[in-house]
Amino acid sequence: MALRTTGLSADEALHALDELKANDVRWREGRAFTLTYHGGDDVVALAEQAYQRFSSENALNTDAFPSLRTIQAEVVDIALGWLGGPPGSAGFMTSGGTESILLAVKGSRERGRRERNVTAPNIVLPTSAHAAFEKACYYFGVESRRVPVRSDWRADSAAMADAIDDDTVLVVGSAPQYPQGVIDPITEIAAIAADRDVSCHVDACMGGVILPYLARLGHDIPPWNFAVDGVTSMSVDLHKFGYTAKGASVIAYRNKTLRSYQTYVTNNWLGGLYGSSGILGTKSGGSMGAAWAVINHLGDDGYLRLAAQARRAADELVAGVQARPQLLLRALPDTCLVTFGAADAESLDIFAVADALWRRGWFVDKQGPPASLHLTVNAIHDGKIAEFLADLDSSIDEVVATAAGGREAAYGTVE
Ligand SMILES: *Cc1c(COP(=O)(O)O)cnc(C)c1O
């Protein structure tokens, strides 16, 4: 598209954008089981208004914007509360789970270099740990040592212990892991890391906000946070079950020394002393302001209510999958992630089912191995599952009748 000589009016520009959105998934109606989270119309509206207040404010230098320093400090404190952060624990707001994980890997590489002189670092992680760790290894020149998960999809801590050597700088567990939604044996993983004096990151991007509330609702939640000895850092995404605007996550450390390994400072240019806590330079205050507003608007009661709604919907979906002989549930979810495949992959192409669902307006993740559909159930889906299951049935019928094959799809795209 070439730049127009005379600009559009503001109304024209906004109208054109609305038209561009015409074919997007209708997430505000609960049609997306991935990528978006919806804590109610009031919550979405507040996030958008608060974002607007800070969209051009720049968190690169909080001397100019003390508001953003306070916002970050207060949001991180609240997140540390969810994560069981001990006195002295500390963190930063980041742009998302990927940035939090990049920083955890970078920090552990730095720690290994400075404290133990490790020059060819590796990290040990289960095959279920998020792709962002792979990206971090690629970016930062760290070897990724993936260890197969157990038959229940949880990390095999004994096999992980065997994979650790003197060059290991980080051991990873997830609460829960994304693909099958189960919580790794964090106590065991943290113990093998502590045993070797190696950093241990728990990726709670998905579970960090909702797990405390599921525990309060009476669900049996295994140890998963800083209460476990040996856990040195954690990631929690506010833009997932925190229901804030996109671009908000927290990276948290057990103490400030561990945190110091992630920050960057230089004066090796003509522009003076430059420091930044994370990957970004200029950083919009929008997602920070939105996070502060939504978290304070919802409060403890609000998060408890939303957790109950999300879990009720997830339980209904799990029961629906279990009741359908053509489908196979991969695991009973520890939070609200529901993954299933075809009971007989020869007779039902599960990716074709996803395509048929999309023709009916529902967007789900295709993943594998093994070929599966992955649904992130959140508060908006409470009351929507019956309609989804009806469309799932008609989609399965259509795929079986036409012997359709599905397209592979990616969790993220590159165009
Ligand atoms: C979403 C997610 C990430 C990545 O977070 P982004 O916000 O998409 O960058 C990492 N780990 C887990 C377990 C996740 O669910």
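The basis for the numbers below is simple: all heavy atoms, side chains too, and nothing from hydrogens, waters or symmetry mates. This chain uses plain numbering: 1 for the first residue, then up along the sequence. Read the numbers this way: they start at 1 and go in the same order the structure lists the ligands and their atoms.
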Which atoms from ligand 1 have a heavy atom of [X] less than 4.0 Å away?
{"X": "Y178", "value": "15 (O)"}
{"X": "I101", "value": "10 (C), 11 (N)"}
{"X": "M206", "value": "15 (O)"}

*How does A132 reach ligand 1, if at all, at less than 4.0 Å between non-hydrogen atoms: by side chain, backbone, both, or neither?*
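Looking at A132 and ligand 1, no heavy atom falls under 4.0 Å.
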_ligand 1 contact on H239 by region, counting heavy-atom pairs under 4.0 Å_ =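 Within the 4.0 Å criterion, H239 contacts ligand 1 through side-chain atoms alone.
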_Identity and distance of the protein heavy atom lying nearest atom 9 (O) of ligand 1_ =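 Heavy-atom neighbour on the protein nearest atom 9 (O) of ligand 1: T98 OG1, 2.5 Å.
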_What protein heavy atom lies closest to atom 6 (P) of ligand 1? Include the residue and the distance to one decimal._
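Ranked first by proximity to atom 6 (P) of ligand 1 is G97 N, 3.5 Å.
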*Smallest separation among heavy atoms of V149 and S128, with atom names*: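 Scanning both residues, the minimum pair turns out to be CG1-OG, 3.6 Å.
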*If you look at every heavy atom in Q177 and L337, which pair is closest and at what distance?*
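Looking at all heavy atoms of both residues, the shortest contact is O-CD1, 3.8 Å.
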*Presence of salt bridge, D315 and R311, under 4.0 angstrom*: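 A salt bridge is present here (some side-chain N lies under 4.0 Å from a carboxylate O).
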_Out of T376, D203, T34, who is nearest to atom 11 (N) of ligand 1 when you count heavy atoms only?_
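Nearest heavy atom to atom 11 (N) of ligand 1 lies in D203.
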*May I ask you to check whether F54 and W292 place their ring centers less than 6.0 Å from one another?*
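Distance test on ring centres: not under 6.0 Å, no.
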_Is it the case that the ring center of Y253 lies less than 6.0 angstrom away from the ring center of Y261?_
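Aromatic pair excluded; centres sit 6.0 Å or further apart.
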*asked:* Please check whether D237 reaches ligand 1 - meaning an N/O of the residue sits under 3.5 Å from an N/O of the ligand, judged on distance alone.
replied: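 Yes; at least one N/O pair falls below 3.5 Å.
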*Who passes side chain to side chain contact (heavy atoms under 4.5 Å, CB included) against R53, sequence neighbours left out?*
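Scan of R53 (side chain to side chain contact (heavy atoms under 4.5 Å, CB included), adjacent residues dropped) gives none.
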*Name the orientation class of the two ring planes belonging to Y213 and W82 (parallel below 30°, tilted from 30 to 60°, perpendicular beyond 60°).*
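Geometry flag for W82 against Y213: perpendicular rings.
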*On the 0 to 90° scale, with breaks at 30° and 60°, tag the H374-Y178 ring pair as parallel, tilted or perpendicular.*
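Judged by the thresholds at 30° and 60°, the geometry between H374 and Y178 is parallel.
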*Is there a heavy atom of E99 sitting under 4.0 angstrom from any atom of ligand 1?*
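No, that is not the case, since the closest heavy atom of the residue is not under 4.0 Å from the ligand.
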*asked:* With the threshold set at under 4.0 angstrom, would you say K240 reaches ligand 1 through any of its heavy atoms?
replied: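 Within the 4.0 Å threshold, so yes.
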